[in-house]
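Just so you know, residue 1 is the first one in the sequence shown, and it goes up from there. Quick caveat: nothing in here was measured; it's all calculated off a predicted structure.
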Amino acid sequence: MSVDGTPQAPFELGADDRAKLDAIREALLDPSPRRIGRLDQWGLADEYEVYAEIARYAEVSLTMADGTVLDASLSVPKDLAPGQVCPAVVLPAPLISVGHQAYLGMISRWTRGGYVVLAYSQRGLAKSTGEIHVAGPQDVADATEVINWLIEQDGVDAERIGFFGASYGAGTSLLAAAQDRRIKAVAGASAWTDLFASLYENGTRHLKAFEALVSLFGEDRCSKEFREIIQKIRANTIDDEVREFAEARSPKNHLNAYNDAATPILMTTTWHETIFSVPAVIDFHSRLTGPKALLVQVGDHGNAELPGLFGLSAKPTDMAYRWMDHHLGGSAGDGAAPRFDVRSEYMFNPLSDVRHLSWDDYALPKKRFHLADAASGTSDGQLVEGTAAAGWTRSVKATGTGTDIVVAPQLIRTGLAERLGLPHVYKTADVDRSLAAVFATAPLDQATRVRGDLELRVTVTPQQSDATIVAYLLDHNPTTGRAHIVTHAPYTFTAEQAGRATTATFPLQPADYVLAKGHQLQLVIDTHDPFFTTPNTTTPVFTLDITSPEGTESYLDIPLHPVD
């Protein structure tokens, strides 16, 4: 997504990126001086002159057993000696209108590194025929047929096949590797591992992200099964059918297959990922026993790898080249060996680069901050260490509109601004305290880091069925009144819990964030966020009482420690 001329659709490309892809495609199909010369405006002409000398590119159609035709492209090194074979990398498309052409900027790099490259659009996407099954069993079967076709091509080493994918392509790659052991290595950018957790967090639908994905798929191209699931999710009918649909498309359910085969798996995600569950990716990575690596970056879904898809340097794609080189024997990377660890950036500094051996080594120990009533002469509640605080109550109204504190004002684009060092600014002094409860630490006496997992326990009495709370943790500068989001999580109470004091204990999204000396952590508990669709938007105004009963006092566990 371009910084300049970024379109309104969160997943679409800007005009310059579209023009660049078109020019690359034309130069690959027709490597004439005129076509290659057009790439000079992006500084790419020399690269594609070299490519034209060493490789050939073709657009191909792959016909599946049921007659479905997948749109694809194939790049093969030229002038191979008789019997000479190369490793191959397969690139299932991300969920974007151009399909497999999203990878055009990578093809030269892969091929110059000695790989045969096959990129394809899964059924129902872009120019491929058939219906969209959302990385279901049919898509996995297609991946096997794609491999069958690939190994029949000249120069392909059937023993050295890897899959790289971004977003939708990452899920397809992981699920295919669980079923087809000819896939010797996987790299997935903006990956998912638990589709149900991505759709439905703590009883709360991620409907804004879901509708954005459905819009990009195009409902008319979706299978009957998927269309029925879409309607159930919209109606908040989260039944066994929805769960089974999601479970069949969740790599976490194939851990034994990955571990038995010791499949090398590299995954990347982002701290403010709004599409797929970050805790699920972390848990999956932690439970893998084969070669593995995890990268967590600043931003939102797809932000970090996008420059790499266009042939520029980016951590996700640079790591993918190294990953495949190490496991398949190519030379697309920089010659450095991959690291088998957890690599991260902290918010909002994409230039930071931190390494730890594992998630357990990475995550700092949690400290318990108790939610307490306001100090004398103040109105907001407190976050305090030490003795648990019981006996207070904060009542907030659920009106269906909530406050100006939200997960992300814009899907994808808010995260992109974070990568550019421009995180969204919240003014918590302007928050209507009748609509949200606010708790804050004292100003920090030194620079402090939040790194790892967080957990909130709070008791709520909702006076309406299916009420939702959304907890936000913010970095607040009391001097300027400006605040930035650190992390969040929703929680929805069931109809049976209406009118009853219910203690909810749930994780917030993991975080890596550095707070300056003098700043505060603020916990805001709201009743609505447009990112989540809740019944609060259609019911009359009602009250939620937030309390801290003796014996189940409310707290927030935060991995908060001084900066080294």
Side-chain angles (χ1 to χ4, degrees), residues 1 7 9-15 17-31 35 55-76 88-108 110-111 116-136 138-150 152-153 163-173 175-176 189 212-224 226-227 302 306 309-311:
M1 190 179 308
F11 302 97
E12 276 303 339
L13 302 174
D17 290 337
R18 283 270 192 171
K20 186 189 297 184
L21 282 185
D22 288 343
I24 290 173
R25 176 175 175 266
E26 290 175 1
L28 289 170
L29 289 169
D30 174 18
R35 296 294 191 190
R56 63 180 185 273
Y57 172 87
E59 294 183 347
V60 296
S61 297
L62 311 180
T63 303
M64 301 294 100
D66 66 352
T68 297
V69 178
L70 303 186
D71 185 37
S73 58
L74 178 69
S75 176
V76 181
V89 61
V90 180
L91 314 176
L95 183 54
I96 193 167
S97 61
V98 297
H100 71 87
Q101 292 181 17
Y103 299 125
L104 282 172
M106 299 183 75
I107 284 178
S108 173
W110 285 117
T111 308
V116 173
V117 186
L118 177 63
Y120 74 97
S121 302
Q122 296 91 305
R123 57 175 58 213
L125 295 188
K127 296 180 181 179
S128 293
T129 66
E131 295 179 326
I132 293 167
H133 294 261
V134 197
Q138 182 62 67
D139 297 297
V140 173
D142 288 347
T144 287
E145 288 197 60
V146 167
I147 295 173
N148 293 343
W149 182 90
L150 177 63
E152 294 298 320
Q153 308 309 303
F163 268 55
F164 168 83
S167 186
Y168 189 56
T172 302
S173 296
L175 291 161
L213 291 170
V214 170
S215 176
L216 203 58
F217 277 124
E219 286 186 61
D220 59 323
R221 302 192 70 176
C222 297
S223 68
K224 180 176 182 293
F226 184 31
R227 291 198 303 271
L306 193 60
L309 301 188
F310 287 99

Sorted by chain and number, sequence neighbours left out, side-chain hydrogen bond (donor to acceptor under 3.5 Å, both in side chains) with E219 holds for R234
Could you pull out the closest heavy-atom pair between [X] and [Y], with the gap in Å?
X: T111; Y: S75; result: OG1-OG, 2.7 Å
X: S167; Y: P94; result: CB-CB, 4.5 Å
X: A135; Y: L175; result: O-CD1, 3.3 Å

If you round to the nearest 0.5 Å, how far is [atom2] of [Y] from [atom1] of [X]?
X: C222; Y: F217; atom1: SG; atom2: CZ; result: 6.5 Å
X: E26; Y: L104; atom1: CD; atom2: CG; result: 11.0 Å
X: S128; Y: L62; atom1: OG; atom2: CG; result: 8.0 Å
X: R221; Y: F226; atom1: CZ; atom2: CZ; result: 13.0 Å
X: S61; Y: E59; atom1: OG; atom2: CD; result: 9.0 Å

Check whether any side-chain heavy atom of [X] lies under 4.5 Å from a side-chain heavy atom of [Y], and answer yes or no.
X: F163; Y: V89; result: no
X: F310; Y: K20; result: yes
X: L91; Y: W110; result: yes
X: Y168; Y: L125; result: yes

Which residues share a side chain to side chain contact (heavy atoms under 4.5 Å, CB included) with [X], sequence neighbours left out:
X: T129; result: T68, V69
X: A23; result: R38, L39, W42
X: R56; result: V76, K78

Can you give me every donor-acceptor pair (side chain of residues 141-148, partner residue at least two apart or in another chain, under 3.5 Å) with its distance?
residue	atom	partner	partner atom	Å
D142	OD1	R123	NH2	3.1
D142	OD1	Q138	NE2	3.2
D142	OD2	R123	NE	2.6
D142	OD2	R123	NH2	3.4
T144	OG1	D180	OD2	3.1
E145	OE1	A65	N	3.0
E145	OE2	A65	N	3.2
N148	OD1	R182	NH1	2.8
N148	OD1	R182	NH2	2.9
N148	ND2	T144	O	3.4

Are the side chain of D139 and the backbone N or O of G136 linked by a donor-acceptor pair below 3.5 Å? yes
Can you give each donor-acceptor pair under 3.5 Å made by side-chain atoms of residues 95-103, sequence neighbours left out, with the distance rounded to 0.1 Å?
residue	atom	partner	partner atom	Å
S97	OG	E12	OE1	3.2
S97	OG	E12	OE2	3.1
S97	OG	R18	NH2	2.8
H100	ND1	S73	OG	3.3
H100	NE2	D71	OD2	3.2
Y103	OH	P92	O	2.5
Y103	OH	A166	N	3.0

Paired with L74, the side-chain contact (heavy atoms from CB on, under 4.5 Å) test is passed by just one of I107, V117, L150, namely L150
- Tell me, with the steps shown, if T172 and Q122 meet side-chain hydrogen bond (donor to acceptor under 3.5 Å, both in side chains). CA-CA 9 Å; T172 302; Q122 296 91 305; 3.0 Å; yes
Review point. With the threshold set at 4.0 Å, does a side-chain nitrogen-carboxylate oxygen contact exist between K224 and E131?
Key: no
